[in-house]
Amino acid sequence: MKIICLVKFVPDAEKFEYDEINDRINRETSRLVLNPDDKNALAWALQAKKTDKNVNVEVVSMGPKKIEKELKDFVRLGANKATLICDKAYAGSDSLATSRVLAKYLSEQNYDLLLTGTHTLDGGTGHIGPQVAELLAIDQFSNVKKIDCFDGYTIVEALQDNQILQLKIPFPCLISIISQINVRLGFVRYENIDKNVDEQFSLVTNETLALDEHLIGRKGSPTKVRKNIFIKPEKKDHQTMQVDDEGIETVVAFLQEKGYL
């Protein structure tokens with residue numbers, strides 16, 4: 001089974017640089033972190049690969065050149081391949097233009113399952129998964145919290161209108177994951193930190209994809225943002241718990257609230 005994970009690196013809410021002239025975050029100079037829902041999607045794929053050696057995992061991200069190291073680390077974690085889609089022509093792309101770029105790349109690949117996160121920290125529209133699937137003419141579903149794969153199809157559980165739905169979706173399909181899937185991405189082992197994975201990394205530009213300039217970047221983005229307003233999250237005091245019944249109950253309740261249990 002071939003799985004392609006679509007992941008995005010988003011600006012760190014506390015460490016980003018803002019371009020006042022163009023009214024946007026400067027992704028080239030801001031600190032970027034892997035989007036949480038996408039991290040869960042990748043963690044699930046790598047766990048599936050550990051369980052079944054016939055699973056092949058590729059990680060694809062559209063973003064600045066600076067995330068190359070992070071993508072190579074995903075190979076060091078166990079992915080078979082990492083692909084960075086990067087071109088100045090893609091700057092300013094909204095979710096539709098981004099979906100066009102991703103779909104163009106994916107249209108030339110073989111896969112059974114596309115995995116991504118449902119929401120991103122820097123937008124939260126939940127558009128990418130459904131739009132990419134629509135452009136590729138494949139089935140999709142979002143807000144998925146559990147996945148079981150079989151020969152030719154997957155059975156998923158998804159949260160929808162305060163209900164848990166169970167659906168059978170044939171391959172190829174696209175599944176957008178939420179944090180409640182409850183899997184965690186590991187760390188690169190010490191002995192693999194400097195492992196050369198250049199042969200498993202690809203850089204794709206618009207020279208390869210050949211998308212019309214009116215379909216990408218700001219020209220290809222129908223979304224028009226009047227103004228961005230940033231609200232920095234309030235810093236919360238750390239809470240120290242005792243290792244007793246009360247402390248354990250408090251920690252368990254916190255983890256349940258955050259969807260980790």
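Keep in mind the model is a prediction, meaning the values are calculated, not measured.
Taking a 6.0 Å sphere around CD of E191, one finds it holds more than 12 heavy atoms contributed by other residues, nucleotides or ligands. Residue K146 qualifies as open at atom NZ: its count of foreign heavy atoms under 6.0 Å is 12 or below. Counting non-hydrogen atoms of neighbouring residues, nucleotides and ligands closer than 6.0 angstrom, the CG atom of D212 exceeds 12 such neighbours. At most 12 heavy atoms of other shown residues, nucleotides or ligands fall within 6.0 angstrom of atom CG in D194. Other residues, nucleotides and ligands contribute only 12 or fewer heavy atoms inside 6.0 Å of the CD atom of E199. Environment of CG in D245: sparse, with no more than 12 heavy atoms of neighbouring residues, nucleotides or ligands closer than 6.0 Å. Shown here is K39, whose NZ atom has no more than 12 heavy atoms of other residues, nucleotides or ligands within 6.0 Å.
Contacts of N162 classified as side chain to side chain donor-acceptor pair (under 3.5 Å), with partners at least two apart in sequence or in another chain: none.
Both tests hold for K168 against Y153: distance to the six-membered ring centre under 6.0 Å, angle to the ring axis within 45°.
Using a 4.5 Å cut-off on side-chain heavy atoms (C-beta onward), P36 and L121 make contact. Using a 4.5 Å cut-off on side-chain heavy atoms (C-beta onward), L106 and L6 make contact.
Remark: the Q140 side chain and the S176 side chain contain no N/O donor-acceptor pair separated by less than 3.5 Å.
Looking at every heavy atom in both residues, S202 comes nearest to K81 through OG-CE, 3.5 Å.
With respect to D198 and K72, a salt bridge is recorded, a charged nitrogen being found less than 4.0 Å from a carboxylate O.
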